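Here it is, the structure, as structure tokens.
The figures that follow rest on heavy atoms only: side chains count, while hydrogens, waters and symmetry mates do not. A note on names: the letters A, B, ... follow the listed sequences, proteins ahead of strands, and every chain is numbered from 1. Predicted, not measured: the structure shown is a model, and the values here were computed from it.
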Amino acid sequence: MSKADPTRINDFTIKIATVNGTGSASANALLMKSIFRSGIPVVGKNYFPSNIQGLPTWYEIRVTKDGYVARSGRVDIMVAMNAETYARDVKEVAPGGYLVYDSTWPRPALLKREDITVLGVPLARLCNENFNGVRTRILMKNICYAGVLAALLDLDLAQIRALLAETYAKKPQLVESNMKAIQLGYDYARAHVECPLPLHVVKMAHTAGHIMIDGNTAAALGCVFAGATVAAWYPITPSTSLMDAFKMFAERMRIDPQTGRRNFAFIQAEDELAAAGMAIGAMWNGARAFTATSGPGISLMNEFLGLAYYAEVPVVIFDIQRVGPSTGMPTRTQQGDLLLSAYASHGDTRHVCLYPANPEECFYMAVQAFDLAERLQTPVIVLSDLDIGMNDWLCRDLKWDDNYRPDRGKMLGLEEILKLEKFYRFLDKDGDGIGYRTLPGVHPKAAYFTRGSGHTQYGAYTEDAADYQIVLDRLMKKWATARRVVPRAVIDATAGSRFGLVSVGSCDGAIREALDVLKQRGVGLDYMRVRSFPFSEDVEKFLAAHELLFVVEQNRDAQLRALLTLETAVDKSKLRSLLHYSGLPISSSFIVQGVLAELQPGQRVLSPGAAHG
Amino acid sequence: MSKADPTRINDFTIKIATVNGTGSASANALLMKSIFRSGIPVVGKNYFPSNIQGLPTWYEIRVTKDGYVARSGRVDIMVAMNAETYARDVKEVAPGGYLVYDSTWPRPALLKREDITVLGVPLARLCNENFNGVRTRILMKNICYAGVLAALLDLDLAQIRALLAETYAKKPQLVESNMKAIQLGYDYARAHVECPLPLHVVKMAHTAGHIMIDGNTAAALGCVFAGATVAAWYPITPSTSLMDAFKMFAERMRIDPQTGRRNFAFIQAEDELAAAGMAIGAMWNGARAFTATSGPGISLMNEFLGLAYYAEVPVVIFDIQRVGPSTGMPTRTQQGDLLLSAYASHGDTRHVCLYPANPEECFYMAVQAFDLAERLQTPVIVLSDLDIGMNDWLCRDLKWDDNYRPDRGKMLGLEEILKLEKFYRFLDKDGDGIGYRTLPGVHPKAAYFTRGSGHTQYGAYTEDAADYQIVLDRLMKKWATARRVVPRAVIDATAGSRFGLVSVGSCDGAIREALDVLKQRGVGLDYMRVRSFPFSEDVEKFLAAHELLFVVEQNRDAQLRALLTLETAVDKSKLRSLLHYSGLPISSSFIVQGVLAELQPGQRVLSPGAAHG
Amino acid sequence: MTFIAKPKIAHPSLPKNALGLTRRDYEGALSTLCAGCGHDSITAAIVEASWGVGLEPQNLVKLSGIGCSSKTTAYFVSGGHGFNSVHGRMPAIAMGANAANRSLSYIGVSGDGDTLSIGLGQFCHAIRRNLNMLYIIENNGVYGLTKGQFSASADIGTRAKKGETNFQPPIDPVLLAMTLGASFVARSFSGDKQQLVPLIQAGLKHEGFALIDVLSPCVTFNDHEGSTKSYAYTREHYEPAVHADFIPLEREITADYKEGEALPVVLHDGSRIVLRKLDSAYDPTDRSRAAAQIQERMKGGEYLTGLLYLEPSQNEFHQVNGTPDAPLNSLPYEVLSPGSKGLEKVLARYR
Amino acid sequence: MTFIAKPKIAHPSLPKNALGLTRRDYEGALSTLCAGCGHDSITAAIVEASWGVGLEPQNLVKLSGIGCSSKTTAYFVSGGHGFNSVHGRMPAIAMGANAANRSLSYIGVSGDGDTLSIGLGQFCHAIRRNLNMLYIIENNGVYGLTKGQFSASADIGTRAKKGETNFQPPIDPVLLAMTLGASFVARSFSGDKQQLVPLIQAGLKHEGFALIDVLSPCVTFNDHEGSTKSYAYTREHYEPAVHADFIPLEREITADYKEGEALPVVLHDGSRIVLRKLDSAYDPTDRSRAAAQIQERMKGGEYLTGLLYLEPSQNEFHQVNGTPDAPLNSLPYEVLSPGSKGLEKVLARYR
Ligand SMILES: Cc1ncc(C[n+]2csc(CCOP(=O)(O)OP(=O)(O)O)c2C)c(N)n1
Ligand SMILES: Cc1ncc(C[n+]2csc(CCOP(=O)(O)OP(=O)(O)O)c2C)c(N)n1
Ligand code: SF4
Ligand code: SF4
Ligand SMILES: [Mg+2]
Ligand SMILES: [Mg+2]
């Protein structure tokens with residue numbers, strides 16, 4: 001076996017280039033899982049096209065003993081299965097890295113790189129010789145490269161067989177055929193290459209108590225545990241898998257054992273306006289309801305968001321952000337809806353937003369979203385993104401407290417209603433800006449009229465200046481209440497630095513990695529990740545406590561910086577933007593470079609301006 | 001004749017309270033016009049309900065020798081024709097003021113005010129005795145109170161007859177009947193009251209070279225002169241009258257004399273999404289097109305606005321703002337769409353906005369909007385409001401330069417196309433961030449593909465990070481170009497004060513009046529009214545040059561202050577908000593009070609915070 | 001202003017329904033519509049019908065969009081919750097509300113603009129889902145609240161108050177609904193209480209989407225050429241004075257006629273519409289024949305009124321979705337949450 | 001990947017049309033759709049048809065929404081401008097573009113999701129305006145681009161790739177369009193070039209709104225129970241390995257049959273649809289009889305194909321609007337502006 005490079009053991013990135021629609025997904029999943037099962041933290045990033053078949057697609061597997069969760073930004077092993085992208089794929093390999101390609105047909109012209117090792121494996125030939133049928137051969141080619149990698153990386157074949165057995169429990173014959181392909185690649189590699197490579201896998205025990213899950217699945221699970229019963233949506237990438245997961249879980253765990261009836265309603269709406277309206281109608285009527293969408297859907301929901309804000313109807317909306325503007329790049333990631341979500345709709349409106357950073361938070365924040373929406377009687381928008389929502393992340397096990405009960409907020413039941421002299425929906429009895437709700441069907445005395453037109457605090461229609469303003473001003477009081485109950489920011493001030501780093505959502509992984517790197521380079525930074533809009537009080541404190549703050553986010557227009565500038569007392573000249581918006585998930589190196597560029601000696605540390613990435 | 005009060009001659013406010021649907025509009029118009037024709041500046045404000053018949057409605061006529069254009073905020077003469085609102089109408093009269101009511105039926109209980117003069121006129125009785133038919137009598141009652149006021153204010157009857165003659169040119173018999181009603185009221189008043197009142201009208205010559213016009217009519221006229229040929233819309237108050245006016249003008253001035261064909265297309269769309277799409281489609285295809293709407297429509301247009309921004313299609317949208325959020329108060333005014341219009345749609349988007357302050361600017365800015373949209377190849381939103389759009393304003397005569405020709409921006413004709421080797425739509429040849437357009441039907445070589453999905457600078461579909469970013473970054477370069485070509489702010493720094501006042505749109509009238517009042521009280525303020533987004537460079541300078549700035553606007557959330565905070569270098573602690581958002585047009589007194597409250601000696605002049613009104 | 005709701009003093013003399021409630025208990029706030037507006041007549045019919053079927057007021061959920069018509073949900077059954085949503089989007093709100101609690105009665109009131117223009121897509125899809133609700137279109141051929149623009153149901157040749165003529169073909173909600181497979185389709189006239197009240201009651205009872213297209217003249221903006229009482233005519237002749245904002249106080253138009261009969265109704269402006277009541281022979285269960293007859297009559301300028309199509313067998317939304325009889329919003333959390341044990345099982349699949 | 005456009009070397013041998021252009025001149029960019037997708041066959045038919053009618057490429061304006069189908073406007077006639085707008089809103093863009101220049105040909109390509117769900121309202125109103133364009137629905141019963149959810153045109157009982165069954169009644173764009181008074185309504189099948197090409201040519205020539213509903217199987221997501229070649233079946237049996245993201249490379253399905261004949265077509269997944277071509281006796285000008293026949297056939301599980309309804313007499317948008325023959329976007333500013341004199345006249349009324 002070739003001399004191992006101890007620094008790269010369990011610390012390298014594999015990138016697999018294929019054509020979409022050729023079935024490489026399960027090969028990649030197989031590799032991910034077997035590394036995960038070997039106890040080594042692993043990251044999977046899927047770069048797929050916005051079509052169904054025939055376009056280039058890439059899958060990146062990062063093996064990271066330190067448990068980082070971000071894109072590494074470098075490629076150590078490239079599996080180049082796609083002739084169309086072969087040239088650029090070769091370029092991407094880091095010096096000293098490896099390239100695996102299908103040597104069934106020679107690729108002379110393109111093999112010009114002296115600084116990497118090129119490994120040819122006749123995958124097509126092997127499969128043609130050993131399998132029948134076009135479909136089978138195409139598919140097996142992919143399983144076959146998994147076998148090659150198993151040899152190169154020293155993966156445990158027994159474990160791989162076990163995984164296949166789980167996957168194809170109902171179809172044992174598939175276990176054999178797949179295993180055969182694995183073995184073909186495995187044996188060929190061992191016969192022709194010095195295995196394992198210097199950078200390979202050595203078992204660890206770092207994944208116990210962890211799962212591999214995507215954010216949309218976790219969010220859907222959160223909706224199930226929050227007791228959501230009405231799900232309305234209109235398909236849109238990358239939010240679709242959230243609804244698919246909810247349906248899957250509900251069909252497993254929400255079927256009445258006696259009657260076989262479904263304890264949930266799943267409605268594919270005709271568009272996003274309808275989806276939002278359905279969720280609003282359902283929550284107005286006492287069911288926990290939600291919808292999931294992406295940018296274009298949020299734009300279309302603007303009118304309904306304004307209605308729900310002003311008429312004070314709770315509703316939960318998941319925005320799985322993708323690259324905008326407009327249709328943009330549906331299969332790429334961005335954080336471009338921060339500003340719109342915060343102030344969506346005409347007139348004076350503002351909405352509670354939650355910003356999960358990973359699947360784990362997607363789960364817990366989904367539950368929180370429903371509690372906050374009903375407590376505050378207003379829409380809550382959960383802003384995830386494609387990176388969180390559709391990629392597999394290593395997360396701590398999700399925990400559930402069986403004592404949890406939904407917080408329905410100020411909802412009057414029959415007893416309370418009967419005690420009332422008269423019921424007024426929009427009166428601020430408790431001074432927190434929140435009135436009391438009632439549900440249809442309970443008692444005529446509790447009936448009230450919900451409208452998006454001017455109304456008095458008693459619920460009557462009005463065009464009177466003073467009456468109108470009483471309600472509008474109370475909504476600001478409610479906003480102040482919101483500030484007190486939303487999730488606080490996550491703050492790490494251990495560095496005790498004059499400089500801080502502020503960010504949101506999926507940037508977290510890259511930032512934590514960048515902080516380590518910076519520390520190694522002697523730069524210590526404090527870090528705050530905001531988790532909600534409005535900002536909790538601690539945000540104000542952190543901003544005040546630092547003299548220079550890097551605001552890291554994944555959009556062009558510094559939308560988080562804008563919200564901080566508007567909603568806190570911070571002097572915006574202290575806020576330095578690091579903006580990454582190419583559609584690829586942000587990497588630690590981008591942040592490290594951005595920070596160092598600013599903090600180099602001699603540089604005008606306090607000059608405003610933004611680094612664009 | 002009773003002793004005249006020289007200070008109140010040509011300087012007082014009449015308010016007329018009636019029930020909508022009873023035909024008082026023409027009586028009020030008659031009064032307005034006759035005062036205008038007497039050469040005295042006059043302001044009309046209409047406070048009407050969002051229904052069709054039977055609800056209270058008020059009309060305010062301010063006679064102002066100083067030519068102020070804002071709501072006065074006080075009532076000197078109340079004509080209380082509506083029993084339902086009688087009580088509160090009485091309360092509104094300023095001490096020393098007058099109340100005119102229909103004494104046909106006594107109103108004992110309600111006449112309890114010693115500090116005002118109450119004049120009863122048996123309007124119903126007079127009309128019942130002199131006219132036949134229910135309709136006629138109801139209508140004549142209103143004309144009759146106009147006659148009463150004519151006597152009380154010493155209006156010129158001959159002139160009134162002349163006005164009626166103009167109005168009913170085609171129906172002379174109506175002139176007589178109306179004049180008869182006028183005379184009835186006039187004679188009764190002179191017989192029973194000492195006429196004219198101390199506050200009355202004395203002819204001046206201050207309205208020569210002026211017109212009385214509403215902003216929607218002026219904007220529509222602007223569209224006609226801009227050469228707009230396609231108008232698509234969906235009815236919504238208060239924007240409807242803009243489209244009605246365009247149709248009226250076009251039907252007068254856009255009919256081909258030979259063929260009788262209509263040189264314009266007028267399309268009532270099925271909703272605002274469609275209206276926006278039609279305007280976009282038409283301008284994409286080379287016609288000047290526009291739509292008009294109000295808040296709810298802007299919310300619904302979010303998706304299309306993002307498309308037009310990213311696909312770089314010019315379009316002109318008028319937002320006649322009304323009270324939000326949601327349906328809000330459709331017949332009340334507000335400036336609540338500033339923030340949404342600036343950043344409408346998901347992803348990184350920003351839109352050019354124009355902020356007219358009066359009908360005169362509505363006319364000129366309508367033309368500018370089309371030039372800017374085509375020059376910048378992006379949507380331009382003209383933010384007017386109900387106060388400007390639907391009330392009659394005294395304006396200088398509109399002027400037109402016959403040398404004007406539309407600025408089509410960078411549009412290639414056949415000759416230029418033939419010279420090209422190859423055509424690329426989104427290349428930044430000139431370094432100003434603006435590419436070249438072509439129109440369908442000209443030449444196959446010039447054909448390009450317009451899309452809201454990711455595209456390269458050559459116009460091809462892309463999901464490539466770098467290619468995507470090149471286009472997104474260029475859009476920011478274009479934005480910098482926009483900053484240079486948008487209308488500059490209106491700045492009055494004659495006071496040379498350390499303190500400044502910043503505002504937008506229809507606040508202008510109240511502010512100019514407030515500045516006079518403040519000067520009289522020894523407080524001199526500089527004043528800047530922004531007229532566009534992005535802000536022109538002079539805005540930055542003005543903000544920097546003052547140590548405290550009052551930001552006056554008509555919304556709850558300080559939306560103009562937000563835009564200034566985000567888009568300029570100003571230290572926001574310098575910006576003090578004066579917010580008026582009750583739905584009534586802002587009055588000078590509100591501003592005066594707000595400023596004085598802040599500038600009183602002893603007050604912490606530099607403390608942040610906002611006065612709410 | 002028409003006064004529909006009067007102070008609720010339960011007169012002992014007033015007739016009571018099965019629940020011991022009087023008509024008063026089904027009234028609502030004061031109408032702010034124009035005197036004589038057809039919509040107010042429909043409101044009165046809804047009051048009568050819901051009293052008649054003996055509905056618990058709190059069990060009626062009232063939904064609407066935006067428009068004069070949509071305002072009327074505030075004018076009946078004040079004991080039921082009302083949701084006056086946004087323009088054209090009532091069906092979505094209704095779908096959500098109904099999904100949350102299938103045990104209540106849902107009545108949606110909309111206008112021809114609200115339903116056939118901005119709301120057309122949602123209207124069609126509510127029908128496709130066979131959403132269990134009574135959907136009433138108060139159809140006047142104009143946008144009343146925005147002052148008289150043509151709606152998509154305006155007939156060709158109609159003249160608006162402002163004078164222009166409509167040249168676009170109308171969208172007929174009845175034929176549209178039948179094409180989309182609606183399970184209950186009816187048409188009536190606002191002034192025909194005798195026909196309207198039973199239709200509303202049937203619609204409330206129908207399991208699925210029940211559409212009633214009610215022709216409801218707009219006093220203020222309906223206006224047709226050639227009518228000796230039309231605004232156009234009056235402007236030129238009798239009217240002693242004309243005022244843009246003048247709206248005459250009219251009385252509601254009523255229509256009383258028998259099965260099979262045709263009744264020409266003269267509207268406020270003197271225009272005529274001809275209503276023909278279905279005769280007992282008519283078979284409302286044969287869709288294509290029904291559609292053919294309706295179109296036939298239309299060619300002859302007649303509106304066929306009554307229950308035009310009925311298909312009781314169709315599954316409504318909840319039957320398709322397989323929801324339990326108990327309202328979803330009443331299911332205890334314990335039933336809905338898989339609990340920590342359930343979570344453990346799920347996680348196993350992600351290791 | 002299917003290769004529709006090849007490098008444009010005008011082979012001397014290639015047949016030329018009246019303009020001296022070859023088919024190559026009507027091709028577009030490479031298709032990125034799945035091999036065997038029905039949409040690609042339609043693209044080929046559009047290329048053939050526009051070459052056939054001898055359309056100047058630059059005079060064809062290509063409009064679409066979002067979806068696999070909507071992408072295809074990039075795959076034909078690259079010499080014409082294309083506007084790939086937003087989901088379901090193509091009709092509005094088309095209306096505006098057409099208003100600006102009535103002299104060009106407008107072809108809109110949409111999907112069943114794009115047209116019958118999010119875009120249903122705009123689709124109906126484009127018909128009502130009789131907007132002069134050819135509107136093609138590439139109808140596959142699913143949302144292809146978002147991976148196979150049912151569209152509103154999916155038949156009851158259809159099984160999706162993911163396994164669930166559709167229980168909602170389909171919206172038939174053909175019957176809908178006829179109910180709304182469309183002036184040109186046709187149905188065809190993606191694989192039937194012989195029928196499709198002439199229909200497209202007729203649609204391009206029709207003055208007014210021409211609808212062609214083209215059944216266009218989705219290789220990847222059409223899937224029906226009980227088919228021996230369906231994914232479901234294969235999963236359990238022959239397939240040696242199953243991969244969520246595996247999409248077989250299929251060949252396009254073609255159909256060639258005569259007037260009056262019925263042709264059962266087997267789709268990629270083995271499911272069958274039955275097409276019946278109109279016989280020469282069929283009268284496309286009698287709307288209600290046509291509708292009845294279509295419904296009859298449907299009950300029998302057959303899709304009637306061909307030009308189903310035609311009413312050439314109807315006025316298209318510009319005839320109603322009274323616009324001049326010269327495109328509005330070509331009118332010189334001098335004609336459009338009243339000038340300072342005109343302004344003076346106007347102002348007089350405001351003094
Ligand atoms: C999004 C939006 N667009 C436009 C309007 C303005 N608007 C209010 S009601 C209405 C039409 C009402 O017509 P219809 O539904 O027929 O009701 P009617 O008044 O005739 O009873 C319109 C366009 C609105 N409120 N919201
Ligand atoms: C506003 C909006 N909502 C949702 C989507 C996601 N989306 C893209 S295509 C599509 C449906 C496509 O179905 P269809 O129109 O039938 O086209 P097909 O792919 O089947 O040809 C959807 C829902 C979107 N792009 N925009
Ligand atoms: S405007 Fe017409 S629809 Fe509206 S209330 Fe008046 S009569 Fe009724
Ligand atoms: S998914 Fe279906 S519709 Fe889309 S390209 Fe593939 S086969 Fe065609
Ligand atoms: Mg109407
Ligand atoms: Mg489809």
Side-chain angles (χ1 to χ4, degrees), chain A residues 49-50 294-296 298-300 302-303 305-307 309-311 321 323-332 334 336-337 339-340 343-350 451-454 462-463 465-466 468-469 472-473 476 555-557 559 562 565-566 569 571-573 581-584 608 612, chain B residues 49-50 294-296 298-300 302-303 305-307 309-311 321 323-332 334 336-337 339-340 343-350 451-454 462-463 465-466 468-469 472-473 476 555-557 559 562 565-566 569 571-573 581-584 608 612:
Chain A
S50 177
S294 192
I298 295 294
S299 281
L300 289 172
N302 260 251
E303 188 190 23
L305 279 167
L307 172 70
Y309 169 80
Y310 187 43
Q321 300 169 96
V323 169
S326 195
T327 303
M329 298 194 289
T331 59
R332 296 290 182 264
Q334 214 173 53
D337 303 343
L339 195 58
L340 179 63
Y343 304 112
S345 203
H346 61 282
D348 291 307
T349 52
R350 35 187 68 229
R451 48 164 71 82
S453 44
T462 192
E463 292 176 1
Y468 160 80
Q469 208 167 314
L472 216 66
D473 290 339
M476 283 310 282
N555 59 65
R556 182 195 68 183
D557 290 352
Q559 298 187 22
T565 307
L566 290 179
D571 166 0
K572 79 178 190 188
S573 65
Y581 51 95
S582 69
L584 297 174
H612 279 54
Chain B
S50 177
S294 191
I298 294 294
S299 281
L300 289 171
N302 259 252
E303 188 191 22
L305 279 167
L307 172 71
Y309 169 79
Y310 187 43
Q321 299 169 95
V323 169
S326 195
T327 303
M329 299 196 288
T331 59
R332 296 289 181 266
Q334 213 173 53
D337 304 342
L339 195 57
L340 179 64
Y343 303 113
S345 203
H346 61 284
D348 290 307
T349 52
R350 36 186 67 229
R451 48 165 71 82
S453 43
T462 192
E463 292 175 2
Y468 160 81
Q469 207 167 312
L472 216 64
D473 291 339
M476 283 312 282
N555 59 65
R556 182 196 67 183
D557 291 351
Q559 298 187 23
T565 306
L566 290 179
D571 165 1
K572 78 178 192 190
S573 64
Y581 51 95
S582 69
L584 297 176
H612 278 54

*asked:* Please classify the contact of Leu339(A) with chain B as side chain, backbone, both or neither, using a heavy-atom distance under 4.5 Å.
replied: side chain
*With only heavy atoms counted, which part of Ser50(A) is less than 4.5 Å from chain B, the side chain, the backbone, both or neither?*
both
*With chain B, which of Leu472(A), Thr331(A), Val323(A), Asp337(A) has the greatest number of heavy-atom pairs at distances under 4.5 Å?*
Leu472(A)
*Which heavy atom of Glu463(B) sits nearest a heavy atom of Met329(A), and at what distance?*
CA-SD, 3.3 Å
*How about Asp571(B) and Asp571(A): do any of their side-chain heavy atoms sit closer than 4.5 Å?*
no
*asked:* How long is the straight-line distance from NZ of Lys572(A) back to OG1 of Thr565(B), given to the nearest 0.5 Å?
replied: 7.0 Å
*Using a cut-off of under 4.5 Å for heavy-atom pairs, which of Gly583(A), Pro49(A), Ala344(A) has the most such pairs with chain B?*
Pro49(A)
*Just do the side-chain contact (heavy atoms from CB on, under 4.5 Å) check on Leu340(A) and Leu340(B) with the steps written out, would you?*
CA-CA 8 Å; Leu340(A) 179 63; Leu340(B) 179 64; 4.3 Å; yes
*Portion of Gln334(A) that has a non-hydrogen atom of chain B nearer than 4.5 angstrom*: side chain
*Select one option (side chain, backbone, both, neither) describing which atoms of Asp557(A) are under 4.5 Å from chain B's heavy atoms.*
both
_Tell me which of these, Gly347(B), Ser326(B), Gly306(B), has more heavy-atom pairs under 4.5 Å with chain A than the rest._
Ser326(B)
*After noting the C-alpha distance and the side-chain angles of Asp348(A) and Gln559(B), does the key distance pass the side-chain hydrogen bond (donor to acceptor under 3.5 Å, both in side chains) rule?*
CA-CA 8 Å; Asp348(A) 291 307; Gln559(B) 298 187 23; 2.9 Å; yes
*Roughly how far, to the nearest 0.5 Å, is OG of Ser582(B) from CD of Gln469(A)?*
6.0 Å
*asked:* Using heavy-atom distances under 4.5 Å, tell me whether Leu584(B) contacts chain A through its side chain, its backbone, both, or neither.
replied: side chain
*asked:* Measuring from atom CD of Glu303(B) to atom OG1 of Thr327(A), what distance do you get when rounded to the nearest 0.5 angstrom?
replied: 7.0 Å
*Looking at Gly454(A), Gly336(A), Ser294(A), Pro296(A), which makes the most heavy-atom pairs under 4.5 Å with chain B?*
Pro296(A)
*For the candidates Ala465(A), Ala311(A), Pro325(A), which exhibits the highest count of non-hydrogen atom pairs separated by less than 4.5 Å from chain B?*
Pro325(A)
*asked:* For Tyr468(A) versus Gly324(B), what's the shortest heavy-atom pair and its separation?
replied: OH-O, 2.6 Å
*Given that the side chain runs from C-beta out, which part of Ile298(A) has a heavy atom under 4.5 Å from chain B: side chain, backbone, both or neither?*
neither
*OG/Ser299(A) to CG/Leu300(B) distance, rounded to the nearest 0.5 angstrom?*
11.0 Å
